[in-house]
Amino acid sequence: MPELPEVETTRRGLAPHIEGRRIQSVTLRRPDLRWPIPPEVARDLPGQRIEAVRRRAKYLLVDTAAGSALLHLGMSGSLRVLPATIPVSTHDHVDIAFAGSAGKPGRVLRFNDPRRFGSLLWQPLGEVHPLLRGLGPEPLSDDFDGDYLFDLSRGRRAPVKTFLMDQAVVVGVGNIYAAESLFRAGISPLRAAGKVSRERYAALAGAVKAILTHAIARGGTTLRDFLSPDGAPGYFEQELSAYGRGGEPCPRCGRPMKQASIGQRATVWCGHCQR
DNA sequence: AGCGACTCCTGTTTGC
DNA sequence: TGCAAACAGGAGTCGC
């Protein structure tokens, strides 16, 4: 499931292939994903040159002079750059096609999303899409640190894991990285956010940064394959300490990892190492 | 304002 | 073995 590192990996893989290219056509095989696809996407994108591919939270922004296409991968979405001759397969919902050069076939940016939790939206030039308003800081920015978390969390009674996954608090930390960060910082996911000390929030912010940075670096190894039709990488899965390891021995102390649902999310932690 | 519950969807896993 | 029910998951939205 794409979290921030996978979205950033996608952005880095995508950018060199589509930045500077002119869009020839847009094919929508569905009128909607999570939400209806706004008419500007098919109407205004063709003919535009892609100026940049940016990321904010888990959203990708494809910038043109007419406006920006806003892409979210949901939990099962993926983007690939392929030769336009590759046949579409199940759940290939959107193609953004580029003209080929002399003798070379054109390519398409193809959006596949089986569960359709993803979205394709439109941000007019000079505006900020409503979904991007009110988002918290980027976790890898200097705006995000222990003091920030400590100050914001005072009085909050929700579990610290729920707090950390709130996109208004900090963006890009989903279920996997919340579990991993809390394990690394030695904080119980059940603890009320407002009851975590400043020192422990410093450790937590550091853990978030370290884990995300590492995961992005690991994803980077797959960038060269971005043009191939192979499936998405599972680059980080074998390195997970907590996520998906309920009942297994704690990597630190060997006691069985606990599992429960916190805030409607499967959560794994060590009752001994995380307090 | 904060927070829990609900919702979307479909591939995979679990349970009978 | 086969089928159906349960589950997973990002994050917006609703209601208390």
Side-chain angles (χ1 to χ4, degrees), chain A residues 1-11 29-38 55-61 70-79 88-94 111-123 128-139 149-182 189-196 208 212 215 231-232 234 236-237 240 242-248 257 259-269:
Chain A
M1 50 287 333
E3 297 210 20
L4 188 146
E6 272 174 302
V7 177
E8 178 60 23
T9 296
T10 296
R11 190 196 68 75
R29 298 192 185 81
R30 289 190 62 90
D32 66 324
L33 292 169
R34 177 173 182 176
W35 293 292
I37 297 172
R55 179 187 61 74
R56 172 71 173 116
K58 296 178 192 171
Y59 292 89
L60 287 171
L61 293 94
L70 205 59
L71 287 156
H72 196 292
L73 300 177
M75 67 160 290
S76 61
S78 63
L79 286 166
V88 297
S89 52
T90 315
H91 309 308
D92 281 342
H93 303 308
V94 179
F111 187 14
N112 181 286
D113 186 6
R115 298 186 193 178
R116 303 209 304 276
F117 277 19
S119 52
L120 171 53
L121 298 167
W122 183 255
Q123 178 172 279
V128 175
H129 194 281
L131 293 181
L132 299 187
R133 297 173 197 159
L135 289 177
E138 290 285 330
L149 285 176
F150 179 79
D151 292 343
L152 191 59
S153 63
R154 292 310 90 185
R156 298 287 201 102
R157 285 172 299 182
V160 61
K161 176 166 182 272
T162 304
F163 176 72
L164 189 62
M165 289 174 65
D166 183 345
Q167 301 298 294
V169 172
V170 60
V171 302
V173 181
N175 201 33
I176 295 175
Y177 293 103
E180 295 299 307
S181 301
L182 289 163
L190 290 165
R191 180 170 295 276
K195 297 287 187 180
V196 176
V208 168
L212 291 179
F236 199 62
E237 199 171 337
L240 297 175
Y243 179 82
R245 294 190 180 277
E248 295 180 24
M257 301 283 280
Q259 176 157 0
S261 184
I262 300 177
Q264 332 293 100
R265 285 290 173 271
T267 305
V268 177
W269 76 101

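Each chain gets a letter, A, B and so on, in the order its sequence line appears, and its residues count up from 1.
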Visitor: If the sugar-phosphate is the primed atoms plus P, OP1 and OP2 and the base is the rest, what is the B/S/- string for nucleotides 11-16 of chain C, using protein heavy atoms under 4.0 Å?
Guide: BS----
Visitor: To the nearest 0.5 angstrom, please state how far the CG atom of Leu33(A) sits from the NE2 atom of His93(A).
Guide: 6.0 Å
Visitor: With sequence neighbours excluded, what pairs up with Phe150(A) under the ring-ring contact (aromatic ring centres under 6.0 Å, His included) test?
Guide: none
Visitor: How sharply is the helix from dG2(B)-dC16(C) to dC16(B)-dG2(C) bent, taking the axes over five pairs at either end and rounding to 10 degrees?
Guide: 50°
Visitor: Could you tell me whether the side chain of Phe111(A) reaches within less than 4.5 Å of the side chain of Leu73(A), counting heavy atoms only?
Guide: yes
Visitor: Please list all pairs meeting side-chain hydrogen bond (donor to acceptor under 3.5 Å, both in side chains) that have one or both residues in residues 259-269 of chain A, counting only residues at least two apart or in different chains.
Guide: Lys161(A)-Thr267(A)
Visitor: Between Leu149(A) and Val196(A), is any pair of side-chain heavy atoms under 4.5 Å apart?
Guide: no
Visitor: Within the structure provided, determine whether Tyr177(A) and Pro139(A) are in side-chain contact (heavy-atom separation under 4.5 Å).
Guide: no
Visitor: Answer whether the closest heavy-atom distance between the side chains of Leu4(A) and Glu138(A) falls below 4.5 Å.
Guide: yes
Visitor: Roughly how far, to the nearest 0.5 Å, is CG of Leu131(A) from OH of Tyr59(A)?
Guide: 4.0 Å
Visitor: Hey, can you pull the residues of residues 153-160 of chain A with a non-hydrogen atom under 4.0 angstrom from DNA chain B?
Guide: Arg156(A), Arg157(A), Ala158(A), Pro159(A)
Visitor: Which distance, rounded to the nearest 0.5 Å, do you find between the CG of Asp166(A) and the CZ of Arg156(A)?
Guide: 6.5 Å
Visitor: Could you tell me the separation between the CG atom of Asp113(A) and the C1' atom of dA8(C), rounded to a whole number of Å?
Guide: 14 Å
Visitor: With heavy-atom distances below 4.5 Å as the criterion, would you say the side chains of Val208(A) and Val173(A) are in contact?
Guide: yes
Visitor: Under a criterion of less than 4.0 angstrom to any heavy atom of chain A, what are the 5'-terminal and 3'-terminal contacting nucleotides of DNA chain B?
Guide: dG2(B) to dG11(B)
Visitor: Quick check: do Arg56(A) and Leu70(A) have side-chain heavy atoms less than 4.5 Å from each other?
Guide: no
Visitor: Within the 4.5 Å heavy-atom criterion, are Ser76(A) and Asp113(A) side-chain neighbours or not?
Guide: yes
Visitor: Give, for atom CD1 of Ile37(A) and atom CG of Leu120(A), the distance between the pair rounded to the nearest 0.5 Å.
Guide: 4.5 Å
Visitor: When you match Thr162(A) and Arg116(A) each to their closest nucleotide on DNA chain B, which lands nearer the 5' end?
Guide: Thr162(A)
